[in-house]
There are 2 protein chains.
Amino acid sequence: MKKKREGKTTSKIFDDHDHGMCFDDAIEQIENYFLKKNLQFTPLRRKVFEILIRDHKPLGAYEILEALGRDGFSSSPPIAYRVLDFLMEHGFVHKIQGLNAFIACSNPNHSHSPAFVICRKCEKVAEVDEKKSGISFASANIENFEVEKTTVEMTGVCTTCSRAATI
Amino acid sequence: MKKKREGKTTSKIFDDHDHGMCFDDAIEQIENYFLKKNLQFTPLRRKVFEILIRDHKPLGAYEILEALGRDGFSSSPPIAYRVLDFLMEHGFVHKIQGLNAFIACSNPNHSHSPAFVICRKCEKVAEVDEKKSGISFASANIENFEVEKTTVEMTGVCTTCSRAATI
DNA sequence: CATAACATGTTATAACATAACACTATTAGT
DNA sequence: ACTAATAGTGTTATGTTATAACATGTTATG
C-alpha cells in the first residue's frame with residue numbers, strides 16, 4: 001500500500017515520506033527497541049506515541065493531554081510531560097522549540113542531531129538530516145566545548161503555502 | 001582599555017570578545033542604526049538593551065522586567081516582550097529558545113543566522129558565526145522551501161565547567 | 001493644530017511546564 | 001511466593017512564560 005513518492009507538486013521535503021508505512025513501522029520499531037532495552041512500552045506511552053505519529057505533526061503538550069483525555073487516559077499535565085520526556089530521552093519524540101510542540105521522530109535510525117524545517121503558515125514540520133538539508137555539522141565540535149545536543153530549526157514558507165497566497 | 005584576548009585557559013569561544021569595548025560600541029552602533037532608519041531609540045528601549053548588554057548573558061523576560069522595575073520603569077510583562085520583539089526584529093537581540101531567554105547580539109554586522117553555544121552548567125552563551133563554528137548553512141536552502149530564519153543552538157559543557165567537576 | 005502612527009501603561013488571562021507527594025504495578029532477590 | 005526496591009501513573013497545586021485587549025501618552029506629518 002505504498003504511496004508514490006514522485007510526481008507531486010508540493011514541497012518535497014514535506015511529502016517524501018510514506019506515512020502509512022511510517023506509522024506501522026514506527027510502532028513496530030519502538031516496540032522492538034523497548035523490548036530490546038527492557039523498557040516498558042506501557043499503554044500510556046504507546047498511546048502518546050500513537051497520538052503523535054498518527055497525524056505526524058507537532059502537537060503541544062496540552063493538545064496531547066486532550067487527546068489522552070478523549071481516549072480515557074488521565075489528562076493532568078505531568079502525565080504528558082513525563083511520557084514526552086521519556087520518549088525524547090530515547091529519541092522517539094523531538095521537541096520543536098520554536099513551537100513549544102512535540103513531534104514523533106521520523107528518522108528510522110534515530111539521528112541524535114535532527115534538524116527541522118517548519119512552515120510558519122501551515123505549521124507543517126519536516127525532519128531532515130544533515131545530508132538532505134545541506135547543513136553540515138561535521139566540524140561543529142567547537143573548540144574547547146563539548147557539544148552534547150544540537151537544536152536546528154529552519155522556519156520559512158513551504159511551496160504550497162507560498163503558492164496559495166502572496167504574503 | 002582593551003583586554004588581552006590571548007593567553008586565557010578558559011573556553012575561547014566564551015572569552016574571545018572584548019566586552020568593555022563591546023558595550024560601548026554596541027550602544028553607539030544601535031544609536032546609529034536607529035538614527036539611520038528613523039526609529040526611536042527611546043529610554044525604555046535603550047534601557048532594555050543596556051540591561052541585556054551590560055552582563056551579556058541570557059536573561060529571561062521576567063528578569064529583564066525586574067531590572068526595569070529597579071530602574072524606575074514599568075514592569076508589566078508586555079513592556080518587556082514588546083521591546084524585546086522590537087529589538088529582535090532589528091537584530092540587536094536574539095532569543096535563546098533552549099533557555100526561554102534573551103541575549104544582546106554580539107555580532108557587529110548583525111548576521112541574521114546566528115548560532116549559539118550554550119553551557120548547560122554555567123549557562124554561559126556564546127554567539128558564533130558559521131565560519132567559526134564549522135557549521136555550514138551555505139546550502140541550507142531546502143528544496144521547495146524558502147528558509148527565512150534559522151535557529152541553531154548547541155548545548156553542552158564548556159571547558160571551565162568540565163574541568164571544575166566530572167559530570 | 002489636527003490627526004495618524006507609534007510607543008507605553010495596565011489588567012487580565014492564556015499557554016506552557018514542574019514540584020511534591022500518593023498510590024499502583026512491575027521486577028529482582030531470597 | 002514474599003517482600004523490598006524500582007518504575008510508572010495519578011492528583012493537586014503552583015510556577016513560569018507569553019499574549020490579548022484596551023487605555024493613555026507621545027511624536028511625526030500634512
Side-chain angles (χ1 to χ4, degrees), chain A residues 30 33-52 58-90 92-103 120 123 151 153, chain B residues 30 33-52 58-90 92-103 120 123 151 153:
Chain A
I30 194 171
Y33 177 92
F34 277 46
L35 210 63
K36 197 170 72 187
K37 293 254 184 175
N38 267 303
L39 299 166
Q40 298 177 239
F41 195 41
T42 64
L44 177 61
R45 287 171 179 171
R46 172 187 286 270
K47 177 57 73 179
V48 169
F49 186 71
E50 282 176 1
I51 288 166
L52 282 170
L59 295 175
Y62 282 72
E63 290 179 284
I64 293 167
L65 283 168
E66 276 173 37
L68 284 175
R70 282 195 297 274
D71 288 4
F73 288 81
S74 169
S75 59
S76 50
I79 294 292
Y81 285 104
R82 277 194 295 232
V83 173
L84 289 168
D85 283 349
F86 178 85
L87 293 172
M88 282 193 291
E89 261 171 39
H90 294 281
F92 291 98
V93 167
H94 300 296
K95 180 170 186 180
I96 309 293
Q97 297 282 0
L99 300 173
N100 291 322
F102 304 86
I103 193 166
R120 66 169 165 76
E123 293 212 336
T151 299
E153 298 176 9
Chain B
I30 193 170
Y33 177 92
F34 277 47
L35 209 64
K36 198 170 71 183
K37 293 253 185 178
N38 266 303
L39 298 165
Q40 298 175 238
F41 194 42
T42 62
L44 178 62
R45 286 171 181 171
R46 172 186 288 269
K47 177 57 72 179
V48 170
F49 186 70
E50 282 176 1
I51 288 166
L52 281 169
L59 295 176
Y62 285 73
E63 290 179 284
I64 293 167
L65 282 168
E66 275 173 39
L68 284 174
R70 282 194 296 273
D71 288 4
F73 288 81
S74 169
S75 60
S76 50
I79 294 292
Y81 285 104
R82 277 194 296 233
V83 172
L84 289 168
D85 283 348
F86 178 86
L87 293 172
M88 283 193 288
E89 263 171 38
H90 295 281
F92 292 98
V93 167
H94 301 297
K95 179 169 185 180
I96 309 294
Q97 297 282 359
L99 300 173
N100 291 322
F102 303 86
I103 193 166
R120 67 170 163 76
E123 293 212 336
T151 298
E153 298 175 10

DNA chain C-proximal residues of residues 61-72 of chain B, any heavy atom under 4.0 Å: none
Smallest separation among heavy atoms of B:Leu65 and B:Ser76, with atom names: CD2-O, 3.4 Å
Heavy-atom nearest nucleotide on DNA chain D for A:Pro78 versus A:Phe86: which residue maps closer to 5'? A:Phe86
Close N/O contacts between protein and nucleotides 23-30 of chain C (under 3.5 Å):
none

Over how many whole Å does the gap from A:Asp85 atom CG to C:dT18 atom P extend? 7 Å
Checking all strands, does B:Arg45 fall into the base, sugar-phosphate, or nothing category for heavy-atom contacts under 4.0 angstrom? sugar-phosphate
Give A:Ser74 one of three labels, base, sugar-phosphate or nothing, depending on what nucleic acid heavy atoms sit under 4.0 Å from its own. sugar-phosphate
Start with the C-alpha gap between B:Leu59 and B:Ile103, add the side-chain angles, then the distance that decides, and say whether side-chain contact (heavy atoms from CB on, under 4.5 Å) holds. CA-CA 7 Å; B:Leu59 295 176; B:Ile103 193 166; over 6 Å; no
Are side-chain heavy atoms of A:Asp85 and A:Val93 found at a separation under 4.5 Å? no
Considering all heavy atoms of both residues, which atom of A:Ala101 and which atom of A:Pro58 are nearest to each other, and what is their separation? CB-CB, 3.7 Å
Which atom pair, heavy atoms only, marks the closest approach of A:Gly60 to A:Phe102? C-CD1, 4.5 Å
For residues 40-52 of chain B, please give each side-chain donor-acceptor pair under 3.5 Å, one per line with the distance, not counting sequence neighbours.
{"residue": "B:Thr42", "atom": "OG1", "partner": "B:Arg45", "partner atom": "N", "Å": "3.3"}
{"residue": "B:Arg45", "atom": "NH1", "partner": "B:Gln40", "partner atom": "O", "Å": "2.8"}
{"residue": "B:Arg46", "atom": "NH1", "partner": "B:Glu31", "partner atom": "OE2", "Å": "3.4"}
{"residue": "B:Arg46", "atom": "NH2", "partner": "B:Glu31", "partner atom": "OE2", "Å": "2.4"}
{"residue": "B:Lys47", "atom": "NZ", "partner": "B:Asp71", "partner atom": "OD2", "Å": "2.9"}

Taking the nucleotide of DNA chain C with the nearest heavy atom to each, does A:Ala101 or B:Pro77 sit closer to the 5' end? B:Pro77
Would you give the length of the straight line joining atom CG of B:Leu39 to atom CD1 of B:Ile30, rounded to the nearest 0.5 angstrom? 10.0 Å
Between the opening five pairs and the closing five pairs of the helix from C:dC1-D:dG30 to C:dT30-D:dA1, how far apart are the helix axes, to 10°? 30°
Test side-chain contact (heavy atoms from CB on, under 4.5 Å) on A:Ile64 and A:Val83; report intermediate values, then the result. CA-CA 11 Å; A:Ile64 293 167; A:Val83 173; over 6 Å; no
Outer limits of DNA chain D sitting under 4.0 Å from a non-hydrogen atom of chain B, read 5' to 3', are D:dT17 to D:dT27
Minimal non-hydrogen separation, A:Thr151 against A:Gln97, with atom names: CG2-CG, 3.9 Å
Of all the heavy-atom pairs spanning B:Glu153 and B:Lys95, show the shortest one and how long it is. OE2-O, 3.9 Å
Between the CD atom in B:Glu123 and the CD1 atom in B:Ile96, the distance rounded to the nearest 0.5 Å is 10.5 Å
Sequence neighbours excluded, every pair satisfying ring pair (Phe, Tyr, Trp, His ring centres under 6.0 Å) that has a member inside residues 59-88 of chain A: A:Phe34-A:Phe86, A:Phe86-A:His90
